[in-house]
There are 4 protein chains.
Amino acid sequence: MAEEMEQWLASLLRLGEAEKMTDKQIKIIQAAVEIFAEKGYAATSTSEIAEKAGVAEGTIFRHYKTKKDLLLSIVAPMMSKLVGPFLMKDFQKVLDAEYDHFEDFLRAVLNNRLEFAVKHAPVLKILLHEIPFHPELQAQFKAQLFPLVADRLVRIISHFQAKGELVQMPPSALLRLVVTTCAGYILMRTFLFREVAWNDEEEIERTIQFVMHGLEPPV
Amino acid sequence: MAEEMEQWLASLLRLGEAEKMTDKQIKIIQAAVEIFAEKGYAATSTSEIAEKAGVAEGTIFRHYKTKKDLLLSIVAPMMSKLVGPFLMKDFQKVLDAEYDHFEDFLRAVLNNRLEFAVKHAPVLKILLHEIPFHPELQAQFKAQLFPLVADRLVRIISHFQAKGELVQMPPSALLRLVVTTCAGYILMRTFLFREVAWNDEEEIERTIQFVMHGLEPPV
Amino acid sequence: MAEEMEQWLASLLRLGEAEKMTDKQIKIIQAAVEIFAEKGYAATSTSEIAEKAGVAEGTIFRHYKTKKDLLLSIVAPMMSKLVGPFLMKDFQKVLDAEYDHFEDFLRAVLNNRLEFAVKHAPVLKILLHEIPFHPELQAQFKAQLFPLVADRLVRIISHFQAKGELVQMPPSALLRLVVTTCAGYILMRTFLFREVAWNDEEEIERTIQFVMHGLEPPV
Amino acid sequence: MAEEMEQWLASLLRLGEAEKMTDKQIKIIQAAVEIFAEKGYAATSTSEIAEKAGVAEGTIFRHYKTKKDLLLSIVAPMMSKLVGPFLMKDFQKVLDAEYDHFEDFLRAVLNNRLEFAVKHAPVLKILLHEIPFHPELQAQFKAQLFPLVADRLVRIISHFQAKGELVQMPPSALLRLVVTTCAGYILMRTFLFREVAWNDEEEIERTIQFVMHGLEPPV
DNA sequence: AATGAATGAGCCTTCATTCAT
DNA sequence: GATGAATGAAGGCTCATTCAT
């Protein structure tokens, strides 16, 4: 079963999944992502996708049995990649070696995930909007990904608590504060106020200082 | 124009808007809120709403010219009420008098808005999901509500900065950190993990301490 | 359960079922019968039916949830009416009283069912063609109607056997010979060679004499 | 023209028509027969046939220009073979020599055609169902096969009438009674109640006695 | 000969909306 | 004000058929 899990992770994280995709299939996906992100899944018609992809409507259904299939083929892999870094094998060990301080860890994660969000903004937007309406997606997230991720992060936080870098408080509570603050910046910057000219370096540094001071153990 | 604005605010904030609503109209709104929240606006059919409301299909269109009208009549007022407290006349003066410390202000706002979110969770969920897909809503928010609210909050933050309670940093940056942290808790608690048994008092206190330490001016 | 059965029969045999049917609904049925009979159910499109009925396509689906529903609403009642006379309450007693000889019975049935077939030829044609492809119809026939009918006919045949009017042979075998001969004429006359100018009286008489001689007990 | 006719008959009756058929072609025909018989021609998709036959969708159309072509290639030859015995050269002479009595003829025909029906039940079922919906098939039957067959049978019946074995009545009327009775048994046994364990020998004998007595000339 | 991706017309069905009652 | 039958445009999807490989 550990074997199985490793394979599952590997397959989930595979980034260049353009294997075996025909030219038209790629165009379909691109068009779908674009329109789903713009109008939402339910408000998008397959004929619209076909037109934008420059493909006959029937072609969509040769590659994806249903419209929902098309959505899932876009969104399900993204979900895994979103939390990918936290699923790496020996995640914690890598961390222990690499990051002397929680601050370094935070900086690495924030930069990495911000870059990811910027690069995949449209798919991410689709994912965020559709998760509440598609039980399969919710299930995949709540039953499989979330527990794994939460577990690993809690261990890391506990580690730095033990080192005396973070205030004493239930790790899950710490986790919430850290995640909200980091995700808050990424979402604001990527979706809510995309048009603002953000100085990412500065904002990230500010965010890190805010978190570090906020969670500093009392002297 | 200032007159006009006051009236607009007043009308927006009117909570008990059940005036003039017939019995059936109320049932329609209730049904619509329920189903919109569950499946999303675009995936909800008017016939479904009619059925759940126990009215004829035509009745909906007697009260709301279009399906979108129905959505707006639900969501637009909510948007104003969501930021209602920040729109109150003489908001800052009230604050100056009432809250000696930023911490008190934070506590008051967090409690108040959490209560509001819990009470209006379904409509809030609809609002959050539909804003990106309906330009009218975005316009109302970005052009009218947001500037007002941001302006008032920035003033308050500047006030406490001047008092030496908050670290020196552009007020808008401070605002972002505060808002994400507060909104983060409310959203997590109300939508993402509603089933968890949250100890609101404790979590709010934790959140406040986090913010206050995070934004403490250096000694 | 006997109660239930009686009600079921009653409802099945109700001929004038135009109750509550709107004008358009009747036109839909008429058009559907006509085209189903001409091209078969599967080869008929709902748009074709709508056009012939002078109705919008959507109207069909307001009255019949699916195309198949439309078929069943035409064909299922017909099935009961087809064997209606054999399902009458106290069928055998009526017979005993009314028909002194098997020949009289045969004559009555042949005339009655021929008239019926001529009158309902199109629906009958649909029924005959669709039964093999729709399990619901088969079930209704094989599980409910057929046993009842066969049972009653077997009793009648046994009755006339006992009276010495029919040759000794398993009643079911007798039944088969009688039914194929009678149905054979009706089907030939109504479907296979409709264009021929049949002299019904003469042919029926011939058929009856054929059956009576063919089943005469040996002297 | 007589020449032509003979060749036509010969070609129609050719039984082992597997000549020149590739392996895949045979599989296509087998699959088509199976599914056409199960769901009807119009309700069967070519992709379904391709799948069951284990060939690519395109392969079907390499051998049969259209779906209808495929149907005709199955059903048209069967039609001739169905009435094959009655089309044999010198049919009547053969009869005169071979069968002393009408009863013998009946017995031979019944056995032979029953065996044929059992062997080719699926194709026969397709033929029976599709004839009314395909003018070409109807034409072939009504214009070419039926007149020939009817003519030959009428001659035979007249022959036995002249011999005093059959009652005096228009030969076409006699034909109808005989055909209905015989076909009735075969169809019932082969399609309507296939699952019953029929004792063919007994039933055929019963059927023959029924016909012979039914058509016995008066003493 | 065989494949299977691609097509686009057409299918059944749903939908928001109208209107006579 | 309320109804619900009627609409017809549009939706997702299937189909027979073609064609480059």
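Lettering of chains follows the sequences in order, A, B, ..., and the numbering in each one begins at 1.
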Heavy-atom pair with the smallest gap, counting every atom of [X] and [Y]:
X	Y	value
B/Glu48	B/Ala43	OE1-O, 4.4 Å
D/Leu124	D/Phe191	CB-CZ, 3.8 Å
A/Ile74	A/Met78	O-CB, 3.8 Å
D/Ala31	D/Ile49	CB-O, 3.8 Å
C/Leu137	C/Met79	O-CE, 3.6 Å
D/Thr46	D/Ile60	O-CD1, 3.4 Å

>> Within the 3.5 Å criterion, strictly below it, is a donor on A/His134 or A/Lys68 matched to an acceptor on the partner's side chain?
In response: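 Indeed, the side chains of A/His134 and A/Lys68 share at least one donor-acceptor pair under 3.5 Å.
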
> Cut-off 3.5 Å, side chains only: do C/Glu57 and C/Ser47 have a donor facing an acceptor?
Replying inline: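 No.
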
Is [X] near enough to [N] that one of its side-chain N or O atoms lies under 4.0 angstrom from OP1 or OP2?
X	N	result
B/His63	F/dA2	yes
C/Lys24	F/dT7	yes
C/Thr59	F/dT7	yes

>> Contact list please: residues 34-45 of chain C against DNA chain E, heavy atoms, distance less than 4.0 Å, in numerical order.
In response: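 Within this stretch, C/Thr44, C/Ser45 sit under 4.0 Å of the strand.
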
Gap between atoms [atom1] and [atom2], on [X] and [N] respectively (whole Å):
X	N	atom1	atom2	result
C/Glu57	F/dT7	CD	P	12 Å
B/Ile26	F/dA2	CD1	P	12 Å
B/Lys67	F/dA10	NZ	C1'	13 Å
A/Ile49	F/dC13	CD1	C1'	13 Å
B/Asp23	F/dT3	CG	P	10 Å
C/Arg62	F/dT7	CZ	P	10 Å
A/Leu70	F/dG11	CG	C1'	15 Å
C/Phe61	F/dG8	CZ	P	16 Å

>> Could you write out DNA chain F as dot-bracket? Rules: Watson-Crick or G-U wobble, both distances under 3.5 Å, brackets [ ] for crossings, | for pairs with another strand, dot for unpaired.
In response: .||||||||||||||||||||

> Mapping D/Ile60 and B/Gly58 to their closest nucleotides on DNA chain E, which lands nearer the 5' end?
Replying inline: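 Per heavy-atom nearest nucleotide, the more 5' residue is D/Ile60.
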
>> Go nucleotide by nucleotide along DNA chain E from the 5' end; which of C/Glu48 and B/Glu48 gets its closest nucleotide reached first?
In response: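 So the residue in question is C/Glu48.
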
>> Counting only heavy atoms not in D/Glu51 (residues, nucleotides, ligands), do more than 12 fall under 6.0 Å from its CD?
In response: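 12 or below, so no.
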
>> Go nucleotide by nucleotide along DNA chain F from the 5' end; which of B/Gly54 and A/Thr46 gets its closest nucleotide reached first?
In response: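 It is B/Gly54 whose nearest nucleotide is closer to the 5' end.
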
> Checking side chain to side chain contact (heavy atoms under 4.5 Å, CB included) for the pair B/Leu127/B/His120: CA distance, chi angles, key distance, verdict?
Replying inline: CA-CA 11 Å; B/Leu127 178 59; B/His120 298 292; over 6 Å; no

> How are the rings of D/His129 and C/Phe133 set to each other: parallel, tilted or perpendicular (split at 30° and 60°)?
Replying inline: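 Ring orientation, 0 to 90° scale: tilted.
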
> Which nucleotide of DNA chain E is the first, and which the last, in the 5' to 3' direction, to come under 4.0 Å of a heavy atom belonging to chain C?
Replying inline: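 Listed 5' to 3', the contact boundaries are E/dC11 to E/dT14.
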
> With a cut-off of under 6.0 Å to the ring centre and 45° to the axis, is D/Lys67 in cation-pi contact with D/Tyr41?
Replying inline: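 Relative to the ring axis of D/Tyr41, which defines the angle, D/Lys67 lies inside both limits.
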
